[in-house]
Amino acid sequence: MLQKTTLGRGGPAVSRAGLGLMGMSGIYGPADDAESIATIHAAVDAGITLLDTGDFYGMGHNELLLRDALRRGIPRESVFIQVKFGGLRDPSGAFIGHDTSPAAAKNSLAYTLTRLGTEYVDLYQPARLDPRVPIEETVGAIADMIKAGYVRYLGLSEMGAETIRRAHAVHPVSALQIEYSLMSRGIEAKILPTVRELGISVTAYGILSRGLLSSGTARLADGDPRARFPRFRGENHARNLELLADLETVADGRGVTAAQLAIAWVASRGEDIIPLIGTKRRDRLAEALAALDLPLSQDELAVIEASVPASAVAGDRYEPAQVAALDSER
Ligand SMILES: NC(=O)c1ccc[n+]([C@@H]2O[C@H](COP(=O)([O-])OP(=O)(O)OC[C@H]3O[C@@H](n4cnc5c(N)ncnc54)[C@H](OP(=O)(O)O)[C@@H]3O)[C@@H](O)[C@H]2O)c1
């Protein structure tokens with residue numbers, strides 16, 4: 001069974017890796033609900049307790065899928081469900097902004113609890129900083145919901161050091177969700193030292209740089225948002241695939257896959273870094289779980305880092321307008 005760690009200093013025990021459910025709602029190409037539910041069950045059977053979702057993943061579909069998985073034999077108290085809110089979409093699925101005002105936070109939570117069929121969520125987190133709403137107001141509303149018993153812990157997502165400090169001053173933050181991988185190491189300069197000082201864990205997403213650090217991104221389905229991300233476009237994509245080829249060479253020498261080395265590298269960063277495994281398939285879940293037990297020496301870690309130097313990665317992780325709006329990139 002998977003080892004446990006604590007989420008935030010003195011916080012609740014969770015598995016040392018989590019499962020991210022986003023791809024199960026068709027965000028990265030078509031998903032099969034039966035296989036997605038089987039993947040959630042396989043993860044829980046393997047000892048994963050931390051399940052990550054968002055109300056805007058498939059506009060409620062992701063939470064309804066999780067409800068179905070829970071109803072098929074997963075006791076509510078055996079899992080730690082974390083939910084992102086605030087992302088706004090129109091009926092076509094297009095993102096149309098954010099709303100993390102206190103009223104929106106409470107309203108979104110009410111719908112989330114109904115869709116999940118649960119009495120509480122374990123951790124509630126604004127997906128992005130809403131430029132119109134001071135973080136203190138958003139956190140104050142979540143703190144109200146914690147007092148009322150609808151939420152257990154507070155999280156943040158893609159926020160910068162100053163915002164994290166302001167939020168933590170209102171109510172203790174248990175975890176920051178943010179992109180972190182061999183290809184995305186921006187948090188190491190300011191954000192990681194800040195959360196470590198404050199005793200906040202990181203739930204790391206994009207640990208495969210959304211599939212770039214595996215062999216799965218040669219053909220993207222129509223409507224896959226990755227086709228718009230600079231890293232996946234034209235010349236940049238070709239250069240990044242060269243980095244992947246270098247990682248594959250290292251992986252071949254070790255008898256594992258490039259994805260496994262990328263996951264093992266994130267897992268090696270510290271007990272307070274909890275990798276979110278992003279898959280909708282049982283075979284890839286098994287591959288990722290095996291990576292968590294891969295012993296890597298300091299020399300091997302250095303070779304892995306040298307094969308994918310962050311400075312050699314071509315293109316930003318999001319589109320320019322999205323990067324400009326990210327509090328974590330300021
Ligand atoms: N807070 C935020 O802003 C934010 C943003 C994005 C994601 N997230 C959360 O983080 C979770 C993980 O993010 P992510 O999905 O972008 O992470 P990721 O692990 O970097 O990328 C997942 C992609 O890699 C593919 N993949 C996984 N294992 C593979 C393997 N062994 N070989 C080939 N391809 C493989 C997946 O396809 P298959 O599913 O087909 O295996 C999927 O397309 C999400 O589910 C979500 O919960 C949070």
Side-chain angles (χ1 to χ4, degrees), residues 17-32 35-36 38-40 42-43 48 50-58 62-63 65-66 81-87 95 98 123-129 155-159 175-184 187 202-221 224-227 229 231-232 240 244 247-248 251 256-267 274-291 317-318 322-323 325-329:
L19 182 68
L21 310 191
M22 182 180 79
M24 296 178 181
S25 291
I27 281 95
Y28 297 151
D32 172 69
E35 178 61 19
S36 295
T39 303
I40 295 171
I48 286 189
L50 190 149
L51 303 174
D52 185 72
T53 181
D55 60 14
F56 46 87
Y57 292 164
N62 212 248
E63 293 173 327
L65 185 86
L66 179 52
I81 299 174
Q82 50 181 43
V83 181
K84 286 177 292 300
F85 74 96
F95 273 104
H98 288 93
L123 181 141
Y124 205 47
Q125 48 191 357
R128 295 285 182 271
L129 183 66
L156 300 174
S157 168
E158 285 289 354
M159 294 196 190
L176 171 72
Q177 185 166 128
I178 198 157
E179 188 163 356
Y180 190 37
S181 73
L182 279 169
M183 284 190 159
S184 303
I187 71 167
V202 168
T203 54
Y205 79 82
I207 56 178
L208 298 179
S209 193
R210 299 168 181 267
L212 253 186
L213 289 168
S214 70
S215 50
T217 61
R219 287 178 306 280
L220 298 177
D224 189 319
R226 292 175 294 185
F229 293 164
R231 279 185 189 173
F232 289 82
N240 292 331
L244 169 64
L247 185 64
E248 280 171 340
V256 297
T257 65
Q260 286 180 310
L261 285 191
I263 292 168
W265 180 85
V266 176
I274 299 166
L276 293 177
I277 298 168
T279 187
K280 51 187 180 299
R281 291 171 37 175
R282 281 171 287 181
D283 56 345
R284 288 177 171 169
L285 170 71
E287 188 179 330
L289 288 169
R317 57 199 183 99
Y318 282 104
Q322 292 172 307
V323 173
L326 279 174
D327 189 56
S328 52
E329 292 285 338

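For the single chain, residues carry numbers from 1 onward in sequence order. Note: hydrogens, waters and symmetry copies are ignored here, and every other heavy atom, side chains too, is used. One-based numbering, in listed order, for ligands and for the atoms of each.
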key: Nearest-option assignment for atom 26 (N) of ligand 1, heavy atoms, candidates Leu208, Leu285, Thr279   = Leu208
inquiry  = Side chain, backbone, both or neither: which applies to Arg128 and ligand 1 if a contact is any heavy-atom pair less than 4.0 Å apart?
reply    = side chain
inquiry  = Please list, in number order, the atoms of ligand 1 under 4.0 Å from a heavy atom of Arg226.
reply    = 43 (O)
ask   = Closest approach of Gly29 and Asp224, non-hydrogen atoms and distance?
value = N-OD2, 4.0 Å
ask   = So which bit of Met22 gets within less than 4.0 Å of ligand 1, heavy atoms only: side chain, backbone, both or neither?
value = both
request  = With heavy atoms of Gly211 as the reference, note each atom of ligand 1 found under 4.0 Å away.
outcome  = 20 (O), 21 (O), 23 (C), 24 (O)
request  = Can you sort out which atoms of ligand 1 are near Ser214, meaning under 4.0 Å from one of its heavy atoms?
outcome  = 32 (N), 33 (C), 34 (N), 35 (C)
inquiry  = Using a 3.5 Å cut-off on N or O atoms only, is Thr53 in polar contact with ligand 1?
reply    = no
key: ligand 1 contact by Ser209, heavy-atom criterion under 4.0 angstrom   = yes
query = Under the salt bridge (Lys or Arg N to Asp or Glu O under 4.0 Å) test, which residues partner Glu248, sequence neighbours left out?
reply = none
remark   = Heavy-atom proximity to atom 20 (O) of ligand 1 ranks first, among Glu35, Arg317, Arg210, for Arg210
Any donor-acceptor pair under 3.5 Å from Arg226 side chain to Arg210 backbone = yes
query = Applying a 4.0 Å heavy-atom criterion (strictly less than), which segment of Leu213 is in contact with ligand 1: side chain, backbone, both, or neither?
reply = neither
request  = With heavy atoms of Asp52 as the reference, note each atom of ligand 1 found under 4.0 Å away.
outcome  = 9 (C), 46 (C), 47 (O)
key: Salt-bridge present (Arg282, Glu35; N to O < 4.0 Å)   = yes
task = Check ligand 1 against Glu287 and write out every atom of the ligand that is under 4.0 Å from a heavy-atom position of the residue.
result = 31 (N)
task = Give me the ring orientation class for Tyr124 and Phe85: parallel if the planes are under 30° apart, tilted from 30 to 60°, perpendicular past 60°.
result = parallel
remark   = Honestly, for Lys280 the part within reach of ligand 1 (heavy atoms, under 4.0 Å) is both
note = Contacts of Lys84 meeting salt bridge (Lys or Arg N to Asp or Glu O under 4.0 Å) (sequence neighbours excluded), chain-then-number -> Asp52
request  = Using heavy-atom distances, let me know which of Tyr28, Tyr318, Tyr57 sits nearest atom 8 (N) of ligand 1.
outcome  = Tyr57
key: Proximal ligand 1 atoms for Leu276, defined as those under 4.0 Å from one of its heavy atoms   = 10 (O)
message = So if I count the atoms of ligand 1 from 1 in the order they appear, which ones are less than 4.0 Å from some heavy atom of Ser157?
response = 1 (N), 2 (C), 3 (O)
